[in-house]
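Here's the structure we're looking at; comments come further down.
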Amino acid sequence: MMLDALLAYLHFTSIFLLFALLTVQLVLIKPPLDARVIRLIGRIDLGYFASAMAALLTGFLRLGLGVKGADFYLQSWPIYVKIGLFLAIGLISVYPTLAFIRWRRALDHDPVWQLPEAERRRIRRLMMIELHLAALIPVFAVIMARGLGR
């Protein structure tokens, strides 16, 4: 029972951190973007990745070691929606992450490099999509936790 509570706490904490870091990135990606902010966004992205991996790991640990047991979750369709949304968010996040790396390298090569506005808007739009998809996951978590998706 204590392990289940600990895993739940770690799972929720990693999810809250994921939302917080993505929100901070969205706030920072507004113009003007100087070299310091571009580098900061890249570092925050590493934390975003780490929190996503922690959420995934703790979620699967809850599945296997939690009180309800794997059968409770795996016989319920919302878990598959949650995993699908999580994978979609992960796939979408690859492009912004690669962009942040490109931006940092461009700055390392040319300190006066400026981020094209069209690219900044495109990355911000993708991050907004990530955030909105992530906001759907708790809806399906509630459905699943209550046994409504069986």
Side-chain angles (χ1 to χ4, degrees), residues 4-66 68 70 73-74 76-146 148-149:
D4 187 60
L6 177 64
L7 289 174
Y9 172 78
L10 293 173
H11 188 61
F12 297 146
T13 302
S14 62
I15 292 167
F16 296 148
L17 186 58
L18 182 143
F19 273 95
L21 292 171
L22 184 55
T23 301
V24 168
Q25 282 184 316
L26 279 163
V27 168
L28 290 174
I29 203 161
K30 293 181 180 175
L33 280 175
D34 59 17
R36 183 189 64 80
V37 173
I38 288 173
R39 285 185 170 84
L40 179 59
I41 289 171
R43 286 193 303 272
I44 291 169
D45 199 55
L46 287 172
Y48 175 61
F49 175 75
S51 65
M53 292 300 101
L56 187 64
L57 176 65
T58 55
F60 281 121
L61 286 172
R62 288 186 76 193
L63 174 81
L65 303 174
K68 291 182 180 178
Y73 297 110
L74 295 176
S76 179
W77 62 265
I79 194 167
Y80 300 105
V81 175
K82 284 178 57 179
I83 292 170
L85 286 167
F86 193 86
L87 290 173
I89 293 164
L91 288 173
I92 293 168
S93 74
V94 169
Y95 189 83
T97 295
L98 293 176
F100 301 149
I101 293 167
R102 274 194 324 272
W103 299 352
R104 184 184 42 82
R105 287 183 180 161
L107 282 170
D108 290 344
H109 181 69
D110 180 10
V112 295
W113 175 83
Q114 293 293 311
L115 173 64
E117 179 60 19
E119 184 171 1
R120 185 202 63 80
R121 282 194 313 268
R122 180 177 33 241
I123 296 302
R124 190 168 195 289
R125 189 175 317 115
L126 287 172
M127 292 169 65
M128 286 296 291
I129 291 169
E130 287 178 62
L131 187 61
H132 285 86
L133 289 176
L136 293 174
I137 292 174
V139 172
F140 294 100
V142 169
I143 293 169
M144 180 183 69
R146 304 298 184 277
L148 300 175

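In what follows, residues are counted from 1 in the order of the sequence shown. In this text the structure is predicted, and so the values were computed from the model without any measurement.
- Under a 3.5 Å cut-off, the side chain of Ser93 and the backbone N or O of Gly90 do form a donor-acceptor pair.
- Relative to the six-membered ring of Phe12, Arg62 meets both conditions, a distance below 6.0 Å and an angle of at most 45° to the axis.
- Atoms CZ and CZ, on Arg124 and Arg121 in that order, are 11.5 Å from each other to the nearest 0.5 Å.
- Taking the side chain as every heavy atom from C-beta outward, Glu119 and Arg102 approach each other to under 4.5 Å.
- One distance of note links CD1 of Ile41 with OH of Tyr48; it measures 14.0 Å at 0.5 Å rounding.
- Rounded to the nearest 0.5 angstrom, Ser51 OG and Phe19 CZ are separated by 10.0 Å.
- Annotation: Phe49, atom CZ; neighbour count of heavy atoms from other residues, nucleotides and ligands within 6.0 Å does not exceed 12.
- For the residue pair Arg120 and Lys30, the shortest heavy atom distance occurs at NH1-CA, 3.9 Å.
- Side chains of Pro96 and Gln25 form no contact here, defined as non-hydrogen atoms less than 4.5 Å apart.
- Of all heavy-atom pairs spanning Ala55 and Ile15, the tightest one is CB-CG1, 4.0 Å.
- Residues Leu133 and Ala88 share a closest heavy-atom pair of CD1-CB, 4.4 Å.
- Residues Trp103 and Phe100 place their aromatic rings such that the two centres sit under 6.0 Å apart.
- Asp108 is listed as a side-chain neighbour of Arg104, based on a closest heavy-atom distance under 4.5 Å.
- Between Pro78 and Ile143, the shortest heavy-atom contact is CG-CG2, 3.6 Å.
- Checked by atom type and distance alone, the side chain of Tyr80 pairs as donor or acceptor with a backbone atom of Leu74 at under 3.5 Å.
- What you find for Phe86 and Ile137 is that their closest heavy atoms are N-CD1, 4.1 Å.
- How far CG of Leu6 is from NE2 of His11: 13.0 Å, rounded to the nearest 0.5 Å.
- The distance from the CG atom of Leu87 to the CG atom of Leu56 is 8.0 Å, given to the nearest 0.5 Å.
- A heavy-atom distance below 4.5 Å is not found between the side chains of Leu61 and Leu10.
- When all heavy atoms of Val37 and Leu28 are compared, the closest pair comes out as CG1-O, 3.5 Å.
- For the atom pair Leu33 CG and Arg39 CZ, the distance stands at 12.5 Å (nearest 0.5 Å).
- Not a single donor-acceptor pair under 3.5 Å links the side chain of His109 to the backbone N or O of Arg105.
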